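This one's a predicted model, so the numbers in the text were calculated from it and none came from an experiment.
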Amino acid sequence: MDIYIFAIIIILVLIGTCLLGYMAKEAFQDRVIHNELEFEDFPAGFGSVTIFFISDIHRRKVSDKLLEQVKGKADLVIIGGDLAEKGVPFSLVKENIEKLKTVGPAYFVWGNNDYELDHRELDALLLESGVKILDNTAVSFEAENGDTMILMGVDDVGKGRDRLDLALQDAGPSGFRILACHNPSIIGKIEKRHEIRLVLSGHTHGGQIHILGYSPYEKGKVKTMDRATLLISNGYGTTALPLRLGARAETHLVRLGRKG
């Protein structure tokens, strides 16, 4: 073999190895994004509310490093679906749940991959652990002055199990409304009259791997839309390959307050 060709092969192998190492590092980041969101009609009685939002854990183990960044800073935790997937032991799922509960009261919405497990066993585990499952339902929070904030959750859109109508019915006629849904495509079913101010979602992994800047999905972001503000997270874990490129793993501390 020509020495120059051999040298090129060695260089390409080294570049490939370095790239894979970088992609693996990006997949296991413990990054916390601080999202400051203000709304003109956020109920003054709450002052401000901070939500720790984590989605798409899949096979990852929630790290102590991540918990150190968010403990004592959140009023509640929302697990935005894909807590696990096929092959993930329930012992790991339970460990992750118990860790997240140390941050604050925990709420859960179903993701498509959660149904790859025995979902009845997962349902029982969540209930035993004191995690509130929002499956087309809502919970209400009341401030001392009577102001209300509503947290709604719908089941997975991809599985056709979402019933936004039932969640809205459960929410009642008034209150500042937040909707948790694993799949951001729920935004297409939301109308302005529903008065949902914020949607928290994941599912897309921010594309997970971008080749020359291209991926089937765009990177996670906050979108201010006419019908609602939509937060799409890159998510904490990965699917298929434990690699990321151009879409680092992330979680969120979402602080909600009143504009002005």
Side-chain angles (χ1 to χ4, degrees), residues 35 37-43 49 51 53-58 76-83 85 106-116 119 122-123 126 131-141 148-208 215-236 239 247 250 252 254 256:
N35 300 102
L37 302 178
E38 295 183 335
F39 301 86
E40 292 181 353
D41 60 344
F42 186 79
V49 172
I51 298 168
F53 181 65
I54 182 170
S55 71
D56 302 279
I57 296 174
H58 289 280
L76 55 95
V77 176
I78 298 178
I79 305 169
D82 283 4
L83 173 60
E85 63 179 36
Y107 300 82
F108 169 83
V109 290
W110 293 92
N112 55 302
N113 290 115
D114 294 312
Y115 286 102
E116 294 176 0
H119 63 275
L122 178 55
D123 185 88
L126 288 160
V131 176
K132 173 66 176 177
I133 302 171
L134 298 172
D135 49 354
N136 304 316
T137 55
V139 292
S140 177
F141 304 89
T148 56
M149 182 178 74
I150 312 295
L151 175 59
M152 305 160 54
V154 295
D155 209 328
D156 185 57
V157 175
K159 296 287 184 182
R161 301 175 68 97
D162 58 302
R163 289 291 304 273
L164 180 60
D165 59 322
L166 295 181
L168 287 165
Q169 181 179 326
D170 202 28
S174 62
F176 184 88
R177 294 177 177 178
I178 302 165
L179 174 66
C181 179
H182 178 64
N183 195 320
S185 67
I186 191 66
I187 195 69
K189 300 184 179 184
I190 295 174
E191 301 175 17
K192 195 171 182 179
R193 65 184 178 86
H194 294 151
E195 297 185 332
I196 295 170
R197 294 293 182 259
L198 174 64
V199 179
L200 300 173
S201 66
H203 180 60
T204 67
H205 296 207
Q208 189 164 315
S215 179
Y217 296 106
E218 62 184 351
K219 297 178 185 178
K221 61 177 64 177
V222 175
K223 296 182 176 182
T224 302
M225 309 171 74
D226 182 56
R227 63 191 83 177
T229 296
L230 172 64
L231 184 153
I232 307 174
S233 176
N234 286 345
Y236 188 62
T239 189
E250 65 185 23
H252 305 262
V254 184
L256 307 177

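- Distance check: Ile196 CD1 to Leu179 CG gives 5.0 Å after rounding to the nearest 0.5 Å.
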Check against side chain to side chain contact (heavy atoms under 4.5 Å, CB included), Ile232 and His203: CA-CA 8 Å; Ile232 307 174; His203 180 60; over 6 Å; no

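- Counting only heavy atoms from C-beta outward, the side chains of Ser201 and Ile186 never approach each other to under 4.5 Å.
- Between Gln208 and Ser215 there is no side-chain heavy-atom pair separated by less than 4.5 Å.
- Side-chain contact between Asn112 and Asn183 is absent, with no heavy-atom pair separated by less than 4.5 Å.
- Atom CD of Glu191 has more than 12 heavy atoms from other residues, nucleotides or ligands within 6.0 Å.
- Here the straight-line distance linking atom CG of Leu134 with atom CD1 of Ile178 works out to 11.0 Å at 0.5 Å rounding.
- In this structure the side chain of Trp110 reaches within 4.5 angstrom of the side chain of Leu122, judged on heavy atoms.
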Working for side chain to side chain contact (heavy atoms under 4.5 Å, CB included), residues Leu126 and Leu83: CA-CA 11 Å; Leu126 288 160; Leu83 173 60; 4.1 Å; yes

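- Of the options Asn136, Val154, Asp135, Asp155, a side-chain contact (heavy atoms from CB on, under 4.5 Å) to Arg161 is made by Asp155 and by none of the others.
- By the 30° and 60° cut-offs, the orientation of the rings of His252 relative to Phe53 is tilted.
- Counting only heavy atoms from C-beta outward, the side chains of Asp114 and Asp156 never approach each other to under 4.5 Å.
- For the atom pair CZ of Arg163 and CD of Gln169, the computed distance is 9.0 Å after rounding to the nearest 0.5 Å.
- Side-chain atoms of His205 and Tyr217, non-hydrogen and from C-beta on, never get closer than 4.5 Å to each other.
- Closest approach of Ile78 and Ala180 over heavy atoms only: CG2-CB, 3.9 Å.
- To the nearest 0.5 Å, the span separating NE2 on His194 from NZ on Lys189 amounts to 11.5 Å.
- Contact check for Leu164 versus Met152: side-chain heavy atoms found under the 4.5 Å cut-off.
- Not one N or O on the side chain of Asp82 forms a donor-acceptor pair closer than 3.5 Å with the backbone of His58.
- Scanning both residues, Ser140 and Ile150, for their nearest heavy atoms gives OG-CD1, 3.5 Å.
- In this structure, Glu38 places its CD atom where more than 12 heavy-atom neighbours from other residues, nucleotides or ligands lie under 6.0 Å away.
- Taken from CG in Leu151 to CZ in Phe176, the straight-line distance is 11.5 Å, to the nearest 0.5 Å.
- Taking every heavy atom of both residues into account, Val157 and Ser185 meet most closely at CG1-OG, 3.5 Å.
- In terms of heavy-atom proximity, Gly220 sits nearest to Asn234 at N-OD1, 2.7 Å.
- Looking at Glu195 and Asp41, their side chains never come closer than 4.5 Å, going by heavy atoms from C-beta outward.
- Residues Ile190 and Arg227 come closest through the heavy atom pair O-CD, 3.3 Å.
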Side chain to side chain contact (heavy atoms under 4.5 Å, CB included) between Arg177 and Leu168, intermediate numbers included: CA-CA 9 Å; Arg177 294 177 177 178; Leu168 287 165; 3.5 Å; yes

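- Between Gly175 and Thr148, the shortest heavy-atom distance links the atoms CA-OG1, 3.2 Å.
- The OH atom of Tyr236 sits 13.0 Å away from atom CD1 of Ile79, with the distance rounded to the nearest 0.5 Å.
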